[in-house]
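The structure appears right after this line, and notes come after that.
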2 protein chains.
Amino acid sequence: MPYHSTPLDLAFHALSDPTRRAVVSRLAQGEVPVSALAEPFDMALPSFAQHLKVLEQCGLIVSEKRGRSRWCKLVPARFDEAADWMEAERRRWAERLDRLEVYLDKNEEDEAHDKPA
Amino acid sequence: MPYHSTPLDLAFHALSDPTRRAVVSRLAQGEVPVSALAEPFDMALPSFAQHLKVLEQCGLIVSEKRGRSRWCKLVPARFDEAADWMEAERRRWAERLDRLEVYLDKNEEDEAHDKPA
DNA sequence: AGAATGGTAAGGCATATGCCTTAGTAACGC
DNA sequence: GCGTTACTAAGGCATATGCCTTACCATTCT
């Protein structure tokens, strides 16, 4: 999706794959080396490494090579951007429903007093 | 991404495009017909319609044809699944950091009392 | 009825994605 | 040094994505 690819685009794209979400999920535990991360997945290592590359390129994780293994860890900032966007939308949606409810209640009241629109 | 495509995959994929996020964002206002939704975008209508199709197929929106225009509205449930997943991860992450902090504080205290690990 | 409006269908094109295999390279273990 | 371990590079293949254009309906306006 390099047509546009803002950080948010990339983060959501990264999270649209179950393998990558599982990695993110696992990294809540802290740092994990690539081999340990890859172990649960029935996938060739190079394929799995691509997923890590996607996560790293969009800034959801960082990694560092120590000896012959590479350790990965989450970067909450990028994750938060996406989560914050979702919460903000959720709030906007909820506010609209609240206003709608107030409006409906008001009309009901008016009707009770014989003052329809 | 029909390799896997759970609802969560599809929702995140749908949200990875800025045009589609803008549509979701706009629909917080309520129902909007396709032409009005499409108006801000410099894109042929059929291209835009594809984006709506993606949103509808993953359950983020529903639409209904009235007369010759189609009205779209948000479906919060699917959106919430994605938002909930993100919040749950965020919480797990925060909890781990809390435990880490407690652990570090404890060690600091121990050191102060001359009892290192 | 005939034209305009609001989509929808169909198909085409360039690029991206997700997987694979094979072939390296760098660090450790003996 | 030599084999093993842990990745990394390179390239290939099928399918998906995002855009386009050119038809083609329905519905509504005049």
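Per chain, numbering begins at 1; letters A, B, ... match sequence-line order. Note that the structure is predicted; figures quoted are calculated from it, not measured.
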Rounded to the Å, how far apart are B/Lys65 NZ and C/dG6 C1'? 7 Å

When rounded to the nearest 0.5 Å, the distance separating CG of A/Leu52 from CZ of A/Arg70 is 9.5 Å

Here the gap from A/Arg78 atom CZ to A/Leu15 atom CG, rounded to the nearest 0.5 Å, amounts to 11.5 Å

What is the distance, to the nearest angstrom, from the CZ atom on A/Phe48 to the C1' atom on D/dT8? 15 Å

Do A/Leu27 and B/Trp93 touch side chain to side chain, with heavy atoms closer than 4.5 Å? no

Give a yes/no on whether any side-chain N or O of B/His51 is located under 4.0 angstrom from OP1 or OP2 of D/dT17. no

Please check the phosphate of C/dA16 (OP1 and OP2 only) for any side-chain N or O of A/His13 closer than 4.0 Å. no

When we call it a touch if two heavy atoms are under 4.0 Å apart, what does A/Ala44 touch: a base, just sugar-phosphate, or nothing? base

Using only side-chain N and O atoms of B/Ser47, determine if any of them is under 4.0 Å from OP1 or OP2 of D/dC20. yes

Can you measure B/Met43 atom CE to C/dG6 atom P for me and round it to whole angstrom units? 19 Å

Given atom CG of B/Asp17 and atom P of D/dA16, what is their separation to the nearest angstrom? 18 Å

Rounding to an integer number of Å, can you tell me how far A/Phe41 CZ sits from D/dC7 P? 15 Å

Quick check: do A/Gln57 and A/Leu10 have side-chain heavy atoms less than 4.5 Å from each other? no

Ion pair B/Arg92/B/Glu89, N-O distance below 4.0 Å: yes

N/O-N/O pairs, protein side and nucleotides 27-30 of chain C side, under 3.5 Å:
none

Residue whose nearest DNA chain C nucleotide is more 5′ - A/Gln50 or B/Leu45: B/Leu45

Specify the separation, in whole Å, of atom CG of A/Leu15 and atom C1' of C/dT17. 16 Å

Before we go on, tell me: are the rings of A/Phe12 and A/Trp85 under 6.0 Å apart, centre to centre? yes

Do A/Val23 and A/Leu55 come within less than 4.5 Å of each other through their side chains, counting heavy atoms only? yes

Does the side chain of A/Glu31 come within less than 4.5 Å of A/Cys72's, by heavy atoms? no

Do A/Ile61 and A/Lys73 have side chains that approach each other closer than 4.5 Å (heavy atoms only, starting at C-beta)? no

Taking the basic N atoms (NZ, or NE/NH1/NH2) and the acidic carboxylate oxygens, is any pair closer than 4.0 Å for B/Glu87 and B/Arg90? yes

Ignoring the backbone of A/Ser69, work out which of C/dT8, D/dC7, C/dT22 is nearest its side chain. D/dC7

Tell me: CD of B/Glu64 to P of D/dT27, nearest whole Å? 14 Å

Rounded distance (Å) that lies between atom P of D/dA26 and atom CZ of B/Arg70: 14 Å

For the helix from C/dA1-D/dT30 to C/dC30-D/dG1, what angle lies between the axis at the first five pairs and the axis at the last five pairs, to 10 degrees? 20°

Under a 4.5 Å cut-off applied to non-hydrogen side-chain atoms, are A/Val54 and A/Leu60 in contact? no

Give, ordered by number, those residues of residues 23-34 of chain A having at least one heavy-atom distance below 4.0 Å to an atom of DNA chain D; if nothing qualifies, reply none. A/Val34

Is there a side-chain polar atom (N or O) of A/Ser35 under 4.0 Å from OP1 or OP2 of D/dC7? yes

Any heavy-atom pair between the side chains of B/Ser5 and B/His13 that's under 4.5 Å? no

